[in-house]
Protein chains: 2
Amino acid sequence: MVTIKDISRECGVSPATVSKALNGYAEISPETVELVKRTASKLNYMPNAAARLLKTNRSHNIGVLFVDDTMSGLTHEFFSHVLNSVKEEAEADGYDITFISNNIGRQKMSFLQHCRYRNCDGVVIASVDFQNPEVLELVRSEVPVITIDYSFDNLSSIVSDNQEGAYRLGSYLAEQGHRKIAFVHGERTLVTQKRIRGFNKAMNEYGIEIPPEYIIEARYHDADSVRKATAALLDLEEPPTAIMFPDDFSFIGGQTEIIERGLSIPDDISVCGYDGINLSRILNPQLTTWRQNAERIGKESVRKLVESIEGTSVAEQIMVSGEFLSGNSVRKWEN
Amino acid sequence: MVTIKDISRECGVSPATVSKALNGYAEISPETVELVKRTASKLNYMPNAAARLLKTNRSHNIGVLFVDDTMSGLTHEFFSHVLNSVKEEAEADGYDITFISNNIGRQKMSFLQHCRYRNCDGVVIASVDFQNPEVLELVRSEVPVITIDYSFDNLSSIVSDNQEGAYRLGSYLAEQGHRKIAFVHGERTLVTQKRIRGFNKAMNEYGIEIPPEYIIEARYHDADSVRKATAALLDLEEPPTAIMFPDDFSFIGGQTEIIERGLSIPDDISVCGYDGINLSRILNPQLTTWRQNAERIGKESVRKLVESIEGTSVAEQIMVSGEFLSGNSVRKWEN
DNA sequence: AGTATTGACGAAAACGATTTAGTAAATTAA
DNA sequence: TTAATTTACTAAATCGTTTTCGTCAATACT
């Protein structure tokens with residue numbers, strides 16, 4: 001391994017000078033800088049991140065906390081898009097990313113411990129149980145943190161406009177003439193609350209009274225639980241003519257139930273999803289849904305996080321808007 | 001940050017003793033070990049990975065090289081499963097993972113340089129262009145490497161049984177009575193060659209003569225190119241009655257073309273995919289396909305890589321078998 | 001001319017661990 | 001009883017950087 005000493009020997013200057021030349025200190029003469037840089041690339045020199053970190057306390061590494069028991073991590077299409085965008089923006093900013101977990105090797109270690117162990121300069125937290133004590137420990141620690149789709153006081157966060165999304169979908173269904181609109185939502189997280197609020201707002205504006213049994217809880221990304229919720233809705237004395245589902249993927253559970261009952265989408269029942277992942281575009285019929293801007297969510301998270309790592313940035317909540325995606329899963333309803 | 005020195009002070013022993021006690025050296029008395037460990041956990045001590053690395057040259061970090069221009073990295077469902085499994089096995093073995101790229105910050109750096117910069121103990125290489133000079137440089141370097149779905153001489157690799165997969169799918173179509181079977185395959189990589197071989201083997205066994213224009217190249221994970229290939233097939237004077245597609249995802253392109261021509265699956269034309277991702281299970285009709293065992297591929301890669309990092313292990317090629325998944329996309333063909 | 005300033009560089013400590021080569025006391029062997 | 005061995009520990013070097021003070025010329029200012 002070629003080190004700074006090799007360069008210093010080759011150039012006849014001290015290691016200190018090499019370091020400074022490489023890091024652009026003004027006190028080194030242009031000729032020396034030139035010489036050092038040339039030999040560095042001649043010798044194929046790469047700084048040792050560990051040594052640098054040890055001295056500077058900056059790892060150029062950001063942690064990503066992405067775990068959630070309801071979904072199998074990276075295989076969740078929406079989050080894999082967020083993650084991909086996080087990765088790309090991080091790389092563009094000169095950072096690598098490390099997944100934060102709480103069991104590394106045989107050792108149990110808390111999220112915070114893992115961050116410290118790897119000296120993460122900051123952490124992006126997404127889609128976890130934000131009440132989890134380990135998450136709270138991390139959030140309250142000294143390590144810079146940004147949260148996705150959840151906001152803590154005095155901390156920056158990136159949130160997808162969930163209220164708007166549910167509002168737009170609800171409004172659309174109402175516009176199409178539906179009056180019996182059900183909402184199968186996910187676990188009662190902040191995201192869910194926002195969506196319920198958006199849904200209610202739309203219903204209010206259209207003067208639609210929604211009976212409580214039309215608003216029913218299932219689990220995100222869990223086709224089975226959504227299927228059961230759908231069954232419950234269809235078993236009602238007055239079943240809905242339209243259903244909003246928690247997300248595009250779990251909608252499949254609902255679809256299965258609907259089809260098995262001999263009903264068809266959208267003739268007998270109109271549906272819409274949430275997320276706007278690729279899947280929603282290729283389903284048959286194509287799903288009417290709300291596309292969350294995963295790319296921008298990931299990118300903004302890192303941008304904001306790096307800002308708060310490198311400079312001083314004020315806590316801020318950044319709202320990322322989405323986009324209505326129409327499909328063929330909703331039909332006009334006339335009565 | 002609490003260091004080994006804090007513990008040594010608290011316990012009244014030297015830092016050396018603390019280090020040895022923590023690392024299970026035999027020369028430390030049981031009482032001291034006990035004392036050191038207790039105070040370590042009392043002070044919430046975490047070793048500093050960078051400092052340890054600097055001295056030991058072991059980062060407990062494995063690199064993952066996953067780039068490919070035809071697919072958008074992590075958002076590829078099959079590879080996100082492999083990756084997820086790589087991550088889990090790595091964590092179980094006490095490793096973190098780092099994505100290897102060749103542009104970190106404003107600096108261009110080769111894959112190998114990136115590995116050295118982060119001191120990766122080893123690298124898992126998957127799904128890239130294995131002729132890429134930078135990949136070759138990495139493969140030929142001193143850093144332990146394992147390749148997925150490609151084998152270099154004297155290096156360990158994990159390969160999915162592509163020949164078997166294509167063979168089984170081809171055989172199945174033939175069994176169902178099809179005689180005009182087309183194969184839309186991906187770019188001419190080793191994987192593709194294996195599949196073509198498997199396909200041909202099946203056709204031979206059933207004594208089926210396949211005209212050259214039935215074997216046609218498209219691109220993996222590229223719905224558009226597959227759509228074009230499908231169009232070409234359907235435009236033939238004697239179009240096939242069954243088509244094997246490069247993968248489940250890009251099949252969508254073929255499906256679109258088929259449907260737009262007013263044909264239906266499987267009544268007019270039978271199809272099968274490859275990969276067996278979730279998507280294939282929820283498509284309508286459900287896709288007949290070959291499930292690659294992404295979980296085992298990821299897990300075995302890390303296991304083998306760690307083996308060659310930690311001990312001495314012989315180069316070995318591990319074949320991971322898949323599983324035939326039947327759907328409703330193929331119908332019996334009687335003539 | 002004498003002093004102050006600037007420019008260009010180097011010596012050495014430090015970061016937090018690991019590890020080699022001791023050392024002193026306790027134990028065993030002869 | 002003395003020498004040899006074992007036990008339990010420590011001092012100090014080291015990994016590859018960065019950074020704080022110097023230092024020593026050369027130049028600029030009274």
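Just so we're on the same page: letters track the sequence lines, and every chain starts at 1.
- Chain B approaches DNA chain C within less than 4.0 angstrom (heavy atoms of the protein), and the contacting nucleotides run 5' to 3' from dG16(C) to dA21(C).
- Here the closest heavy-atom approach between residue S151(A) and residue V159(A) is recorded as OG-CG1, 3.8 Å.
- Residues E295(B) and S85(B) bring no donor and acceptor atom of their side chains to less than 3.5 Å of each other.
- Between S29(B) and dC9(D) there is a side-chain polar atom (N or O) within less than 4.0 angstrom of OP1 or OP2.
- Sequence order on DNA chain D of the closest nucleotides to A26(B) and A51(B) puts A26(B) first from the 5' end.
- Closest non-hydrogen pair, I146(A) versus S156(A), comes out as CG1-O, 3.5 Å.
- Ion pair R296(A)/E300(A) flagged as a salt bridge, since at least one NZ, NE, NH1 or NH2 atom sits closer than 4.0 Å to an Asp/Glu carboxylate oxygen.
- When all heavy atoms are compared, the tightest approach of F99(A) to H114(A) is O-CE1, 3.4 Å.
- The nearest whole Å value for the distance from the NZ atom in K5(A) to the P atom in dT17(D) is 9 Å.
- Side-chain contact of S59(A) with D121(A): a donor-acceptor pair under 3.5 Å is present, judged by distance alone.
- Residues N102(A) and M109(A) have side chains not in contact (no heavy-atom distance under 4.5 Å, counting atoms from C-beta outward).
- Under a 4.0 Å N-O distance rule, the pair R116(B)/E142(B) qualifies as a salt bridge.
- Along DNA chain D, the nucleotide closest to I28(B) and the one closest to L54(B) are compared, and the more 5′ of them pairs with I28(B).
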Open item on the list: For nucleotides 20-28 of chain D, give me one character per nucleotide, 5' to 3': B if any protein heavy atom sits under 4.0 Å from the base, S if the only such contacts are to the sugar-phosphate, - if neither.
Closed with: B--------
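- In this structure, L22(A) atom CG and dT19(D) atom P are separated by 13 Å, rounded to whole Å.
- Salt bridge absent: K299(B) and E91(B) never bring a charged side-chain N and a carboxylate O closer than 4.0 Å.
- Counting any heavy atom pair closer than 4.0 Å across all strands shown, T56(A) reaches sugar-phosphate atoms only and no base atom.
- A salt bridge is absent between R303(B) and E89(B): the closest approach of a Lys/Arg side-chain nitrogen to an acidic carboxylate oxygen does not fall below 4.0 angstrom.
- dA12(D) atom C1' lies 11 Å from atom NZ of K55(B), rounded to whole Å.
- When heavy atoms are screened at a 4.0 angstrom cut-off, N57(A) is found touching no nucleic acid atom at all.
- Close to dG16(D), at under 4.0 Å from its OP1 or OP2, lies no side-chain N or O of T3(A).
- In this model, a donor atom of one side chain and an acceptor atom of the other lie less than 3.5 Å apart for N44(B) and Q113(A).
- Defining each end axis of the helix from dA1(C)-dT30(D) to dA30(C)-dT1(D) as the rotation carrying four pairs' C1' atoms onto the next four, with five pairs an end, the two axes are found to diverge by 50° to 10 degrees.
- Protein atom CZ of R52(B) is 18 Å distant from nucleotide atom P of dG16(D), rounded to whole Å.
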